[in-house]
Amino acid sequence: MKRYGQYCPVARAAEILAERWTLLVIRELLWGEDRFNAIARGVPRMSPSLLAARLRELQRTGLVERNMIHGEPRYRLTPAGEELRPLVEQMGAWGVRWMHDLRPDEFDPVLLMLHIQRESQPARMPERATTVQLHFRDAPSGQQRWWLVLSRSGGADVCDTDPGFPVSVWLETELPTLTRIWLGDLSWSVALRAEALLLTGDHTACRALPQWLDVSAFAAVERAAVPLTR
């Protein structure tokens, strides 16, 4: 761990939290992920060995606890780690407000589907399970087609292989379009009028889909008129 050699509490906190990947690992734990592989899915560009090392470091500092449950290691934040929740949420809001220009390499279908699943609000879903098939025209091979099974009892179940249920809605678009809709930078209606997004299938389900999927919790954050340069 890098030391700043200052008594300042900001410097002392930064010694733990400013290490690369640390806050993203904490973000995954705040989302409720407690298995190693589940945490790894949220940080796909972090090597497993580095993730293991970072979890050990967070255990050493007292931010994370590791317990064995049915022979499998599980990770959870300690009270000190949970206290970081408003800090992480505020950092996310700050990032949306001041850094809302996305780079081409930041569009990721796996993470987008993961976030849609995590933030789904079952109360907004249809009473009867409804399947939506997504086609990202510009996604890498093997990540172009996804299925969402939406229901009030199960929320949003994301599949990267056909679950075998009848499809009610077919959604075709490009990855930046749905990402910007999810982040609140583009509306469904504008995307549909511009034909950047195509919906076909059951008419009632097509009309209800935007309400079922909703948007990110950060979508309501007001954007700065002039973003920071990245």
Side-chain angles (χ1 to χ4, degrees), residues 1-69 72-119 176 179-180 182-185 215-230:
M1 183 184 297
K2 296 178 181 178
R3 306 290 183 184
Y4 290 104
Q6 295 186 11
Y7 73 86
C8 171
V10 174
R12 284 183 279 138
E15 288 179 351
I16 296 175
L17 301 177
E19 195 77 27
R20 189 166 188 248
W21 296 110
T22 293
L23 281 175
L24 296 190
V25 173
I26 291 172
R27 178 198 66 188
E28 296 304 301
L29 292 164
L30 287 170
W31 272 111
E33 303 295 0
D34 63 353
R35 290 178 168 89
F36 185 91
N37 288 341
I39 298 169
R41 277 199 299 271
V43 283
R45 298 187 184 186
M46 186 181 191
S47 71
S49 59
L50 181 56
L51 174 57
R54 193 67 79 247
L55 285 169
R56 286 194 300 270
E57 184 63 23
L58 291 173
Q59 291 172 63
R60 187 194 67 79
T61 59
L63 288 175
V64 170
E65 292 178 348
R66 180 181 184 271
N67 299 294
M68 296 298 292
I69 300 178
E72 181 184 9
R74 302 287 184 89
Y75 302 88
R76 64 184 296 272
L77 291 168
T78 63
E82 278 290 341
E83 197 170 313
L84 293 170
R85 185 180 297 275
L87 171 65
V88 172
E89 291 175 350
Q90 187 60 38
M91 287 186 66
W94 183 89
V96 168
R97 187 186 315 281
W98 291 101
M99 306 175 73
H100 46 82
D101 287 341
L102 297 177
R103 295 170 173 163
D105 65 342
E106 292 174 336
F107 295 107
D108 187 324
V110 177
L111 286 180
L112 177 60
M113 291 295 98
L114 177 62
H115 292 163
I116 288 176
Q117 181 180 39
R118 282 176 171 173
E119 296 192 47
T179 302
R180 290 189 172 105
W182 172 248
L183 290 174
D185 294 323
V215 291
S216 165
F218 293 114
V221 175
E222 184 178 355
R223 272 53 167 177
V226 181
L228 296 177
T229 302
R230 301 184 63 197

* To do: May I ask you to test the D105-R45 pair for a side-chain heavy-atom distance under 4.5 Å?
  => yes
* **E19 and V25, any side-chain heavy atoms less than 4.5 Å apart** => no
* Heavy atoms from other residues, nucleotides or ligands near CH2 of W21 exceed 12 (cutoff 6.0 Å) -> yes
* H100 versus A224, closest heavy-atom pair with distance -> NE2-O, 3.0 Å
* Can you check whether A40's main-chain N or O pairs, donor with acceptor, with E28's side chain at less than 3.5 Å? -> no
* To do: Report the distance from atom CD of E82 to atom CG of L63, rounding to the nearest 0.5 Å.
  => 11.0 Å
* To do: Any chance you could measure E65, atom CD, to L58, atom CG, to the nearest 0.5 Å?
  => 12.5 Å
* To do: Output yes when a side-chain donor or acceptor of R66 lies under 3.5 Å from a complementary backbone atom of P73, and no otherwise.
  => no
* **Donor-acceptor contact below 3.5 Å, side chain R41 vs main chain V110** => no
* To do: Measure the shortest side-chain to side-chain distance between L30 and E89 over non-hydrogen atoms and say whether it is less than 4.5 angstrom.
  => no
* Measure from the side-chain N and O atoms of R12 to the backbone N and O of Y7, and report whether any donor-acceptor pair falls under 3.5 Å. => yes
* **Close side-chain approach of R76 to L29, heavy-atom, < 4.5 Å** => no
* Heavy-atom side-chain contact between L111 and P44 under 4.5 Å -> yes
* Do any N or O atoms from the side chain of R223 and from the backbone of V221 form a donor-acceptor pair under 3.5 angstrom? -> yes
* Asked: Going from CH2 on W182 to CE on M113, what distance comes out if it is rounded to the nearest 0.5 angstrom?
  -> 9.0 Å
* With distance as the sole test, does E119 use its side chain to make a donor-acceptor pair with the main-chain N or O of A217 at under 3.5 Å? -> yes
* Asked: CD of E222: more than 12 outside heavy atoms within 6.0 angstrom?
  -> no
* Keeping the roles fixed (side chain from R27, backbone from V88), state whether a donor-acceptor pair exists under 3.5 Å. => no
* Any chance you could lay out the side-chain contact (heavy atoms from CB on, under 4.5 Å) test for L55 and F36, step after step, and finish with the verdict? => CA-CA 9 Å; L55 285 169; F36 185 91; 3.8 Å; yes
* To do: Find out whether L84 and L17 are in side-chain contact, i.e. whether some heavy atom of one side chain is under 4.5 Å from a heavy atom of the other.
  => yes
* Asked: Can R60 and E57 be said to form a salt bridge (charged side-chain N to carboxylate O under 4.0 Å, His left out), step by step?
  -> CA-CA 5 Å; R60 187 194 67 79; E57 184 63 23; 2.8 Å; yes
* Asked: Is the CD atom of E83 crowded by more than 12 outside heavy atoms at less than 6.0 Å?
  -> no
* To do: Check whether any side-chain heavy atom of V64 sits under 4.5 Å from a side-chain heavy atom of L77, and report yes or no.
  => yes
* Non-hydrogen side-chain atoms of L24 and M46 separated by less than 4.5 Å -> no
* **Interatomic spacing from CZ in F218 to CZ in R97 - rounded to 0.5 Å** => 11.5 Å
